[in-house]
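Encoded as structure tokens, the structure appears first; notes follow it.
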Amino acid sequence: MNNYKLSGNECLGIEFGSTRIKAILIDENFNVLATGSHDWENKLIDGYWTYGIDDIWSGLQDAYKCLNDECIKKFSSKITSLASIGFSAMMHGYLPFDKDDNLLTPFRTWRNTTTSQAAQILTDLFNFNIPQRWSIAHLYQAILNNEQHVKNISYITTLAGYVHYKLSGKKVVGIGEASGMFPIDSNSNDYNGKMLDKFSNLENVKEFDWNIRDILPKVLLAGDNGGVLSENGAKLLDPSGVLKAGALMCPPEGDAGTGMVATNSIAQKSGNISAGTSIFSMIVLEKQLSKVYEEIDMVTTPTGKPVAMVHCNNCCTDLDYWVKLFIEFSTISGSKLTKGQIYDLLYNEALKGDFDCGGIVSSNYFSGEPVTKFSQGRPMLLRSENSRFNLANFMRNHIYSAIATLKIGLEILENENVKIDKLMGHGGLFKTKYVGQKLMAGAMKTPVSVLSTAGEGGAWGIAVLASFAKNSYGLSLESFLDEKVFSKFEISTVEPDINDVKGFEKYMTLYKKSLAVEKAAVENI
């Protein structure tokens with residue numbers, strides 16, 4: 001690979017995750033050439049989880065600079081031109097702008113659970129589940145709150161849509177991302193027209209000069225032309241001025257859609273689990289569910305197929321804090337172990353624990369959790385006087401806790417007799433080889449596969465979508481992924497172990513009981 005010369009035929013994918021902005025450069029065979037990243041963190045300001053606009057751009061530029069630094073190290077050259085670019089980000093949330101492109105209120109992220117009133121009203125109005133984090137819930141809650149900025153709205157978008165617009169001048173989003181803004185009609189591959197009318201006819205919506213159809217971004221499918229990198233966009237991405245304008249830009253997608261692409265799970269009866277700061281599963285359906293479930297989001301693949309999504313706000317944050325404690329101890333003890341080695345040691349120790357974690361249970365709720373009806377969270381660890389408290393059970397518990405709420409949501413799909421032939425895993429929980437995969441297979445009672453590319457996640461997924469937009473070879477996205485992309489990569493599959501299955505079921509009985517303690521903690525601490 002070190003003999004490789006940058007040619008301008010490369011594709012760039014950048015994803016704004018919850019804790020990291022990651023940039024990946026791939027060649028025409030979808031191999032990762034170089035990566036760059038920037039760590040960032042949301043802040044709770046005036047009651048809302050948010051990221052500052054300046055942080056968005058400084059983070060993007062730093063991730064891109066780190067990518068270029070690696071290119072210089074590997075290929076003795078900076079990136080001067082690109083064939084195509086794709087942007088992805090954490091889905092949903094709310095970014096409203098006026099006619100002069102001024103942000104009217106700080107970015108409200110997916111993590112906020114402040115729109116329960118609006119979400120319930122719209123769910124009843126549409127007879128379609130509207131989760132709290134969806135853009136339309138944020139907009140309508142702002143109307144219910146009589147927020148002054150609403151009258152000045154010219155358009156609303158998501159984080160991926162915003163970055164794409166500033167770099168291309170196009171107010172567009174991919175259909176998967178759009179499905180987290182407003183319900184999609186999979187027959188027309190556009191926003192649901194009847195629901196748009198119902199929203200427009202609400203008395204408190206009629207008061208405004210804008211129309212919902214005009215302020216939402218245009219919906220595009222995977223493979224569509226999303227515009228090109230403008231001169232200003234090139235300078236915004238690369239302030240050094242080396243990057244040339246003109247690269248094709250694919251439709252911006254949410255992290256759910258890029259996760260599906262990165263795991264080749266966009267065909268019916270397939271699904272994936274993304275486990276990082278949040279955890280969510282995406283199951284591609286053969287048919288619509290029999291009724292509306294508030295715990296299940298109905299979204300789409302990047303090609304518009306209906307998907308049942310279970311999204312949980314909390315996953316690895318609490319687990320990571322505990323690991324940081326061990327890293328801190330390792331440092332003061334004089335150990336030379338790296339962060340990655342400590343993670344691997346602790347994760348592998350979990351495999352030595354009792355199948356049911358020995359009576360230890362914890363809540364990983366740093367923020368609210370709509371699936372279990374929590375508006376706030378309090379992370380906590382619980383054990384009785386006779387629990388088998390050791391490091392192995394401690395770590396196994398924290399991995400189980402990270403996936404327990406997802407299991408509660410997926411139990412609904414089990415009751416709907418939704419068939420799942422395979423689950424693909426990606427995200428931080430699967431970085432340590434085998435461990436997360438084995439415990440997830442037992443928890444979900446389904447084989448869990450991990451691709452050799454899984455560690456690259458959604459940034460690689462959006463780079464692949466950028467490549468698909470540049471040259472689809474006349475194939476559907478499903479065929480493109482099967483024939484052109486994933487035939488080149490290794491896949492490992494772990495079957496569920498019956499002892500893990502039974503142990504997790506016992507753990508879940510205790511976990512569900514512990515939610516009463518979590519409720520008391522929220523009310524009193």
Side-chain angles (χ1 to χ4, degrees), residues 273 275-279 312-330 342-367 369 371-372 374 377-411 425 427-445 448 494 496-522 525:
I273 292 176
T277 303
S278 64
I279 185 169
C312 307
N313 287 351
N314 300 278
C315 184
C316 289
T317 301
D318 190 40
L319 174 57
D320 288 341
Y321 268 104
W322 284 107
V323 174
K324 286 175 185 175
L325 200 67
F326 287 102
I327 293 172
E328 186 178 341
F329 174 78
S330 176
I342 292 171
Y343 263 96
D344 287 347
L345 281 170
L346 291 171
Y347 270 55
N348 278 286
E349 189 68 17
L351 296 182
K352 302 174 185 176
D354 295 321
F355 295 112
D356 64 352
C357 304
I360 302 170
V361 69
S362 63
S363 167
N364 65 331
Y365 291 3
F366 260 72
S367 63
E369 194 55 82
V371 169
T372 46
F374 279 84
R378 300 289 185 272
M380 64 180 185
L381 177 70
L382 295 170
R383 60 190 175 104
S384 63
E385 71 281 2
N386 59 357
S387 297
R388 292 179 293 281
F389 190 64
N390 55 44
L391 183 59
N393 283 338
F394 176 84
M395 286 305 302
R396 192 180 185 102
N397 154 70
H398 281 297
I399 294 173
Y400 274 0
S401 178
I403 60 182
T405 307
L406 178 69
K407 178 64 175 180
I408 292 172
L410 284 173
E411 286 171 354
L429 192 70
F430 299 101
K431 278 189 176 179
T432 296
K433 189 176 180 180
Y434 183 65
V435 179
Q437 194 177 353
K438 181 179 190 297
L439 296 182
M440 186 70 78
M444 301 304 162
K445 297 188 286 189
V448 174
V494 174
D497 182 313
I498 188 61
N499 293 312
D500 289 337
V501 172
K502 291 179 177 178
F504 186 75
E505 287 176 347
K506 188 174 179 181
Y507 177 86
M508 283 302 297
T509 299
L510 184 59
Y511 182 86
K512 289 175 181 178
K513 290 179 180 178
S514 77
L515 292 176
V517 185
E518 174 69 8
K519 183 174 185 289
V522 170
I525 297 176

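By convention here, the first residue in the shown sequence is residue 1.
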| task | Name the orientation class of the two ring planes belonging to His398 and Phe394 (parallel below 30°, tilted from 30 to 60°, perpendicular beyond 60°). | result | perpendicular
How would you list, by chain and number, every residue that makes a salt bridge (charged side-chain N to carboxylate O under 4.0 Å, His left out) with [X], sequence neighbours excluded?
{"X": "Lys433", "result": "none"}
{"X": "Lys502", "result": "none"}
{"X": "Lys513", "result": "none"}

| field | Step-by-step side chain to side chain contact (heavy atoms under 4.5 Å, CB included) determination, Ile408 to Met508 | value | CA-CA 9 Å; Ile408 292 172; Met508 283 302 297; 3.7 Å; yes
Rounded to the nearest 0.5 Å, how far does [atom2] of [Y] lie from [atom1] of [X]?
{"X": "Leu406", "Y": "Cys312", "atom1": "CG", "atom2": "SG", "result": "5.0 Å"}
{"X": "Asn397", "Y": "Ser387", "atom1": "CG", "atom2": "OG", "result": "10.0 Å"}
{"X": "Asn499", "Y": "Phe355", "atom1": "CG", "atom2": "CZ", "result": "4.0 Å"}
{"X": "Asp354", "Y": "Tyr507", "atom1": "CG", "atom2": "OH", "result": "13.0 Å"}
{"X": "Met395", "Y": "Cys357", "atom1": "CE", "atom2": "SG", "result": "11.0 Å"}
{"X": "Ile399", "Y": "Asn364", "atom1": "CD1", "atom2": "CG", "result": "12.0 Å"}

For residues [X] and [Y], determine if any side-chain heavy atom of one lies less than 4.5 Å from a side-chain heavy atom of the other.
{"X": "Tyr400", "Y": "Val361", "result": "no"}
{"X": "Leu439", "Y": "Leu351", "result": "yes"}
{"X": "Leu391", "Y": "Phe326", "result": "yes"}
{"X": "Lys407", "Y": "Phe504", "result": "yes"}

| query | Step by step, would you call Tyr434 with Asn348 a side chain to side chain donor-acceptor pair (under 3.5 Å)? | reply | CA-CA 9 Å; Tyr434 183 65; Asn348 278 286; over 6 Å; no
Identify the two heavy atoms, one from [X] and one from [Y], that lie closest to each other, and give their separation to 0.1 Å.
{"X": "Ser401", "Y": "Ser362", "result": "OG-O, 2.9 Å"}
{"X": "Leu429", "Y": "Leu319", "result": "CD1-CD2, 4.1 Å"}
{"X": "Ile403", "Y": "Met440", "result": "CG2-CE, 3.4 Å"}
{"X": "Lys438", "Y": "Val494", "result": "CA-CG1, 3.9 Å"}
{"X": "Arg378", "Y": "Val522", "result": "NH2-O, 3.7 Å"}
{"X": "Ala275", "Y": "Phe430", "result": "CB-CE1, 4.0 Å"}

Has the side chain of [X] got a donor or acceptor atom that lies under 3.5 Å from a matching backbone atom of [Y]?
{"X": "Asn313", "Y": "Glu369", "answer": "no"}
{"X": "Ser363", "Y": "Glu518", "answer": "no"}
{"X": "Arg383", "Y": "Phe389", "answer": "no"}

| request: Quick one: which residue pairs count as a salt bridge (charged side-chain N to carboxylate O under 4.0 Å, His left out) with a foot in residues 396-406, not counting sequence neighbours? | output: Arg396-Asp500
| Partner set under ring pair (Phe, Tyr, Trp, His ring centres under 6.0 Å) for Tyr321, not counting sequence neighbours | Phe366
| message | With side-chain hydrogen bond (donor to acceptor under 3.5 Å, both in side chains) as the test, pick out the partner of Tyr365 among Thr317, Asp318, Thr405, Asn314. | response | Thr405
| message | One pair to check against side chain to side chain contact (heavy atoms under 4.5 Å, CB included): Val323 and Ile327. What are the steps and the verdict? | response | CA-CA 6 Å; Val323 174; Ile327 293 172; 4.0 Å; yes
| message | Could you work out, with side-chain hydrogen bond (donor to acceptor under 3.5 Å, both in side chains) as the rule, every residue matching Lys352, not counting sequence neighbours? | response | Glu349
